[in-house]
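Structure first, then comments.
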Amino acid sequence: MANLQLIKVLARRKDISIKELADDLGITQQAMSLMMRTGSTKIDTLERIAEKLGVSPSVFFEDTPPAIATDHSIAVSGNKNKVNQAQEDKYLALLAKKDEQIDRLLALLEQLNK
C-alpha cells in the first residue's frame, strides 16, 4: 500500500490545495481524500500526482526512516497532528536526495544501454 498521506505535505509545500490538485487531475476532492485515506489508486493517477508535485512516484512506496516516522506523523500515519516547518523541510530534503539518486541511477542505466 502506498503512503498517499504524503500528498498533503507535498502539496502544502508547493502551495497547492487538495481541491486544486484534484481539479487538475479531473477527480473530485472527495475522491482524492478517499485515495489518500486508503493509500490506493491507479498507477497512472499516482504518476500524474507525482508529476504535479515534482517528485518521483516511488516516494509514496519508500519506507520512512524511523527518525522521520516519529517526527512526521501526518505523513506516516495520516493522523491530524500539526507538523512544524523544520520537520517538513527535513523530510522534503530526504525526498529530494532520493530523487537525485534515482536520476543518477537512470542516467547510468541509459549509458549502459547505449
Side-chain angles (χ1 to χ4, degrees):
M1 184 163 72
N3 180 3
L4 300 184
Q5 290 296 316
L6 287 173
I7 293 170
K8 291 178 188 177
V9 175
L10 297 169
R12 187 175 15 192
R13 288 293 291 168
K14 294 261 186 190
D15 290 325
I16 300 171
S17 71
I18 296 301
K19 179 173 179 6
E20 185 180 347
L21 183 59
D23 288 346
D24 286 349
L25 297 170
I27 61 175
T28 65
Q29 185 174 352
Q30 293 80 8
M32 177 69 83
S33 294
L34 179 63
M35 176 192 328
M36 290 186 297
R37 274 196 316 276
T38 62
S40 178
T41 189
K42 294 178 182 176
I43 191 67
D44 63 319
T45 303
L46 188 60
E47 288 173 342
R48 291 184 5 224
I49 291 169
E51 182 180 341
K52 295 267 184 206
L53 297 176
V55 297
S56 167
S58 66
V59 301
F60 299 109
F61 296 97
E62 295 172 352
D63 290 332
T64 305
I68 300 300
T70 57
D71 290 345
H72 213 285
S73 58
I74 191 170
V76 176
S77 67
N79 75 30
K80 306 291 185 204
N81 291 344
K82 200 88 165 153
V83 177
N84 73 38
Q85 191 67 41
Q87 292 166 333
E88 194 171 302
D89 290 344
K90 181 179 175 183
Y91 190 72
L92 289 170
L94 286 173
L95 290 176
K97 284 182 184 178
K98 294 267 187 193
D99 278 348
E100 288 173 12
Q101 290 172 342
I102 290 169
D103 289 343
R104 281 195 300 269
L105 288 172
L106 288 172
L108 286 172
L109 283 172
E110 189 175 310
Q111 287 177 353
L112 290 173
N113 286 331
K114 287 184 179 180

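What you see is a predicted model, and the numbers here were worked out from it, not measured in a lab.
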Query raised in the report: If you group Ile, Leu, Val, Met, Phe, Trp and Tyr by side-chain heavy-atom gaps below 4.5 Å, do L34 and L25 land in one group?
Result: no
Query raised in the report: What pairs meet the side chain to side chain donor-acceptor pair (under 3.5 Å) rule with one or both residues in residues 41-56, with sequence neighbours excluded?
Result: S56-S58
**Report entry** Transitive ILVMFWY side-chain link F60 to I43, under 4.5 Å
**Finding:** yes
Requested in this report: Could you tell me which residues satisfy side-chain hydrogen bond (donor to acceptor under 3.5 Å, both in side chains) with K19, sequence neighbours excluded, listed by chain and number?
Outcome: D23
Query raised in the report: Would you say L10 and I49 make side-chain contact, with heavy atoms under 4.5 Å?
Result: no
Requested in this report: Can you measure from OG (S33) to CD1 (I27) and round to the nearest 0.5 angstrom?
Outcome: 9.0 Å
Report task. Check I18 against A11 and note the closest heavy-atom contact, atom names and distance. Result -> CD1-CB, 4.3 Å
Requested in this report: Report the distance from atom CE of M32 to atom CD1 of I7, rounding to the nearest 0.5 Å.
Outcome: 5.5 Å
Query - Atom of P57, atom of A50 and distance for their closest heavy-atom approach - result: N-CB, 3.7 Å
Query raised in the report: Are V55 and F61 connected in a single hydrophobic cluster, I mean Ile/Leu/Val/Met/Phe/Trp/Tyr linked by side-chain heavy atoms less than 4.5 Å apart?
Result: yes
Report task. Of all the heavy-atom pairs spanning M36 and K8, show the shortest one and how long it is. Result -> SD-CG, 3.9 Å
